Amino acid sequence: MYYKFRDLKNYKYILDIFLNQRLYSSSFRNLNDNFEGQFFSDVFEELKRYRLNPSKQDHLSICSFSENYTSHLMWSHYADGHRGIVIGFEIDESEYLIEKVNYKGLASFQIFPQKLNELKSIFLNKLKDWQYEKEYRIITEKQDYIKIKIEKVIFGAETPEYDKRIIEKLVELVDNKIIVETYYD
């Protein structure tokens, strides 16, 4: 099972995830790591850091999620300080290529990356500081939605009761087999 951390500040995104059973694959430009899209190359003899700067219609998009829902940093950064939720889900692995992120630093190339696999590898290598995310990614060639099957909803320890009741009602309407629990640790 994979996990997506969400705050509850904008219910239209939560509704979309539940009602349409999907996650959004966003432009890498919208991600919170300012090193996304950067890599090293010594193409001009000296090792230097570069940034991808593709045209608006010619870029890769990323759907990120985690293998772990117990990280306090993840709850703090992506689920509004334990006031949000984590959505546990399955993905049809025959339909999508799910790739694990490496935390050994930015990718390095002897020439500028141009092939799709080279470009993808830029987004599968991050600084060690992000290791707590235990992140997986689906990288798409355009902004798109990734189909999922929601299996579990986990409330943060500080999720307000009002929000819990709304999400519980939503789960009941969508699929009453979805497990609902609260994370305390």
Side-chain angles (χ1 to χ4, degrees), residues 1-36 60-101 103 123-124 126-140 142-185:
M1 188 175 312
Y2 298 105
Y3 300 96
K4 183 73 172 178
F5 290 78
R6 295 299 307 186
D7 65 44
L8 298 174
K9 293 177 182 174
N10 191 332
Y11 265 99
K12 74 179 181 181
Y13 298 128
I14 298 299
L15 288 172
D16 183 69
I17 292 170
F18 279 94
L19 297 177
N20 296 309
Q21 297 278 311
R22 66 186 188 178
L23 296 173
Y24 188 59
S25 180
S26 177
S27 167
F28 75 89
R29 295 176 179 164
N30 297 331
L31 301 176
N32 65 343
D33 178 359
N34 62 332
F35 285 93
E36 292 286 1
L60 298 176
S61 292
I62 298 169
C63 181
S64 300
F65 39 88
S66 181
E67 69 179 21
N68 178 19
Y69 69 89
T70 62
S71 167
H72 289 289
L73 286 174
M74 293 288 282
W75 278 100
S76 294
H77 294 161
Y78 302 110
D80 194 22
H82 288 266
R83 289 180 287 278
I85 62 173
V86 168
I87 300 166
F89 59 91
E90 299 291 340
I91 296 178
D92 182 351
E93 296 190 26
S94 68
E95 191 169 343
Y96 301 102
L97 177 59
I98 301 168
E99 300 181 89
K100 188 172 180 132
V101 173
Y103 300 98
F123 298 103
L124 294 173
K126 295 176 73 170
L127 299 176
K128 191 185 287 188
D129 297 347
W130 296 96
Q131 194 167 353
Y132 69 90
E133 290 186 337
K134 297 185 180 181
E135 185 177 354
Y136 284 81
R137 290 180 163 183
I138 295 174
I139 301 173
T140 59
K142 62 182 170 88
Q143 291 177 323
D144 204 357
Y145 289 96
I146 307 300
K147 290 185 271 183
I148 62 171
K149 171 72 172 115
I150 299 174
E151 302 284 342
K152 185 184 274 195
V153 175
I154 306 165
F155 294 115
E158 303 296 325
T159 304
E161 287 301 316
Y162 177 78
D163 289 328
K164 284 184 179 182
R165 299 296 83 78
I166 289 174
I167 297 295
E168 287 170 346
K169 185 68 172 171
L170 179 61
V171 166
E172 187 179 304
L173 293 170
V174 169
D175 181 353
N176 62 5
K177 293 182 184 95
I178 295 173
I179 298 166
V180 178
E181 57 188 47
T182 300
Y183 176 68
Y184 297 106
D185 188 28

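If you're wondering where the values come from, they're calculated on a predicted model, not measured in any experiment.
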Problem set entry | Pair Leu173-Leu19, side-chain contact (heavy atoms from CB on, under 4.5 Å): steps then yes or no | CA-CA 9 Å; Leu173 293 170; Leu19 297 177; over 6 Å; no
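- The shortest side-chain heavy-atom distance between Val180 and Lys164 does not fall under the 4.5 Å cut-off.
- Tyr3 meets the ring pair (Phe, Tyr, Trp, His ring centres under 6.0 Å) test with Tyr69; sequence neighbours excluded.
- Remark: Leu73 CG to Tyr132 OH distance equals 5.5 Å, nearest 0.5 Å.
- Lys169 is linked by a salt bridge (Lys or Arg N to Asp or Glu O under 4.0 Å) to Glu172, counting only residues two or more places apart in sequence or in another chain.
- Residues Gly84 and Thr159 share a closest heavy-atom pair of O-OG1, 2.8 Å.
- Residues forming a salt bridge (Lys or Arg N to Asp or Glu O under 4.0 Å) with Asp33 (at least two apart in sequence, or on another chain): none.
- Inter-residue side-chain proximity for Ile150 and Asp175 is flagged as unmet; no heavy-atom pair is nearer than 4.5 Å.
- Counted within 6.0 Å of NZ on Lys134, heavy atoms from surrounding residues, nucleotides or ligands total 12 or fewer; the atom is thus considered open.
- Residues meeting the salt bridge (Lys or Arg N to Asp or Glu O under 4.0 Å) test with Asp7, sequence neighbours left out: none.
- Applying the side-chain contact (heavy atoms from CB on, under 4.5 Å) rule to Asn34 yields no partners; only residues at least two apart in sequence or on another chain are considered.
- Partners of Glu133 by salt bridge (Lys or Arg N to Asp or Glu O under 4.0 Å), not counting sequence neighbours, listed by chain and number: Lys126.
- Remark: Ile148 CD1 to Leu23 CG distance equals 4.0 Å, nearest 0.5 Å.
- The side chain to side chain donor-acceptor pair (under 3.5 Å) search around Ser61 returns none, not counting sequence neighbours.
- For Thr140 against Ser25, the heavy-atom pair with the smallest separation is OG1-OG, 2.8 Å.
- Arg22 and Asp16 make their closest contact through NH2-OD1, 2.7 Å (heavy atoms, listed as atom of the first residue, atom of the second, distance).
- The salt bridge (charged side-chain N to carboxylate O under 4.0 Å, His left out) contacts involving residues 62-75 comprise Glu67-Lys100, where partners must be two or more places apart or lie in separate chains.
- Under the 4.5 Å side-chain criterion, counting only non-hydrogen atoms from C-beta, Tyr78 is in contact with Asn32.
- Atom OH of Tyr11 is surrounded by more than 12 heavy atoms from other residues, nucleotides or ligands within 6.0 Å.
- With Ile85 as the partner, the side chain to side chain contact (heavy atoms under 4.5 Å, CB included) test is satisfied by one option alone out of Ile17, Ile154, Leu8, Asp163: Leu8.
- Among residue pairs with one or both ends in residues 148-175, none qualify as ring-ring contact (aromatic ring centres under 6.0 Å, His included); sequence neighbours excluded.
- Distance check, rounded to the nearest 0.5 Å: OG of Ser64 to CZ of Phe5 gives 12.5 Å.
- Residues satisfying the ring pair (Phe, Tyr, Trp, His ring centres under 6.0 Å) criterion with Tyr2, sequence neighbours excluded, are Phe65, Tyr136.
- Applying the ring pair (Phe, Tyr, Trp, His ring centres under 6.0 Å) criterion to Tyr145, with sequence neighbours excluded, gives Tyr24.
- Pairs engaging residues 82-93 under the salt bridge (charged side-chain N to carboxylate O under 4.0 Å, His left out) rule: Asp80-Arg83 [sequence neighbours left out].
- The CG atom of Leu127 lies 6.0 Å from the CZ atom of Phe35; values are rounded to the nearest 0.5 Å.
- Between the SG atom in Cys63 and the CD1 atom in Ile91 there is a gap of 6.0 Å [rounded to 0.5 Å].
- The distance from the NZ atom of Lys149 to the CZ atom of Phe89 is 13.5 Å, given to the nearest 0.5 Å.
- Between Arg137 and Phe123, the shortest heavy-atom distance links the atoms NH1-O, 2.6 Å.
- For the pair Trp130/Glu135, no side-chain contact is recorded, criterion being any heavy-atom separation below 4.5 Å from C-beta on.
- Between Leu97 and Ile139 the shortest side-chain heavy-atom distance does not fall below 4.5 Å.
- A centroid separation of less than 6.0 Å is found between the aromatic rings of Trp75 and Tyr183.
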